[in-house]
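For clarity, every value in this text was computed on a predicted model and none was experimentally measured. Throughout, residue positions are numbered sequentially from 1 according to the sequence presented.
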Amino acid sequence: MSKHFLGDTAVLLGRTLRHIARSPDTIITTAVMPIAMMLMFVYVFGGAIDTGSDSYVNYLLPGILLITVASGIAYTAYRLFMDMKGGIFERFQSMPTARSSVLWAHVLTSLVANAVSLVVVVLVALLMGFRSAAGAPAWLAAAGILILFTLALTWIAVIPGLTATTVEGASAFSYPLLFLPFLSSAFVPTDTMPGPVRAFAEHQPVTSVVNALRDLFTRQPVGADIWIALAWCVGILVIAYAFAMNTYRRKIS
């Protein structure tokens with residue numbers, strides 16, 4: 001990356017972050033839904049769900065964190081869509097700025113905004129009784145997985161942000177992503193599910209990411225799940241990035 005690209009991206013990142021600072025309701029909204037779900041599952045359904053864990057909030061939190069990310073990236077698609085419709089991209093193309101810096105500014109903004117939402121959710125979980133004996137290396141590994149997961153979903157969000165024709169269409173893609181954790185080990189162990197559902201749940205990316213985070217938080221031996229989770233995240237990231245950049249090049253050409 002050239003110094004020109006890095007400088008332009010930093011300037012444009014500051015612009016998008018200022019927009020969020022002036023409208024903090026986006027981060028609040030992103031965090032409210034996962035927190036409400038966590039409250040409902042822990043205090044309403046938690047007593048009826050047998051997970052083999054002493055604390056249901058400890059079992060539940062990894063899945064709630066992924067739902068937080070899936071909820072947050074809808075705003076990335078929305079912000080990108082509004083910039084496309086507002087002609088911002090055309091204005092920046094007439095200036096001596098690196099073309100891809102506008103896109104990367106939105107991606108990095110997604111990372112920052114989602115990181116804030118994740119911290120808020122973890123703080124609420126602590127108030128609800130979440131406890132972890134994990135050390136600094138385990139927490140750093142968990143943070144790395146969440147960052148990679150956020151990047152992968154953000155680049156997926158870029159595609160509808162660039163191609164949608166309506167605001168609703170730009171954010172509607174996130175609905176299937178919000179549904180995936182319900183068909184995983186996020187809320188209940190997969191061995192309680194019927195055969196076909198269990199087969200799907202055990203071989204989709206959310207389950208491996210949730211299991212890896214759960215093992216890290218509880219200081220359990222991290223098995224193959226962490227490598228499967230990383231493979232899923234990197235694979236999705238590479239494919240989504242390629243499609244997004246190809247779509248972006250067609251849009252600005």
(message) Just verifying a value: how many Å separate Leu66 CG and Leu61 CG, rounded to the nearest 0.5 Å?
(response) 9.5 Å

(request) Any chance you could measure Asn114, atom CG, to Leu65, atom CG, to the nearest 0.5 Å? (result) 11.0 Å

(request) First locate atom CG of Leu162, then atom CZ of Arg250, and finally report the distance between them rounded to the nearest 0.5 Å. (result) 9.5 Å

(message) If I take atom CG from residue Leu140 and atom CD1 from residue Ile145, how far apart are they, to the nearest 0.5 angstrom?
(response) 11.5 Å

(message) Restricting to non-hydrogen atoms, name the atom on Gly63 and the atom on Val210 that form the minimum distance, rounded to 0.1 Å.
(response) CA-CG2, 3.9 Å

Let me have the donor-acceptor pairs involving side chains of residues 175-185, under 3.5 Å, with sequence neighbours excluded, atom names and distances please.
from: Ser184; atom 1: OG; to: Pro181; atom 2: O; distance (Å): 2.6
from: Ser184; atom 1: OG; to: Ala186; atom 2: N; distance (Å): 3.1
from: Ser185; atom 1: OG; to: Asn211; atom 2: OD1; distance (Å): 2.8

(request) Say whether Val44 and Met38 are linked into one hydrophobic cluster, either directly or through other cluster members, by side-chain heavy-atom distances under 4.5 angstrom. (result) yes

What side-chain donor-acceptor pairs closer than 3.5 Å can you find for residues 226-234, not counting sequence neighbours?
none

(message) Could you work out, with side-chain hydrogen bond (donor to acceptor under 3.5 Å, both in side chains) as the rule, every residue matching Thr154, not counting sequence neighbours?
(response) Ser110

With a 3.5 Å cut-off and sequence neighbours excluded, list the donor-acceptor pairs that the side chains of residues 128-136 form with protein atoms.
from: Arg131; atom 1: NH1; to: Leu126; atom 2: O; distance (Å): 3.0
from: Ser132; atom 1: OG; to: Ala134; atom 2: N; distance (Å): 3.1
from: Ser132; atom 1: OG; to: Phe217; atom 2: O; distance (Å): 2.6

(message) If I take atom CZ from residue Phe81 and atom OG1 from residue Thr163, how far apart are they, to the nearest 0.5 angstrom?
(response) 10.0 Å

(request) Look up atom CG in Leu118 and atom CD1 in Ile64, then write down how far apart they are to the nearest 0.5 Å. (result) 11.5 Å

(request) Output all residues satisfying side-chain hydrogen bond (donor to acceptor under 3.5 Å, both in side chains) with Glu202, sequence neighbours left out; order by chain, then residue number. (result) Thr190, Arg198

(request) Please write out which residues are connected to Ile159 in a hydrophobic cluster, directly or through intermediates, given that two of Ile, Leu, Val, Met, Phe, Trp, Tyr count as joined at side-chain heavy-atom separations below 4.5 angstrom. (result) Ile239, Phe243

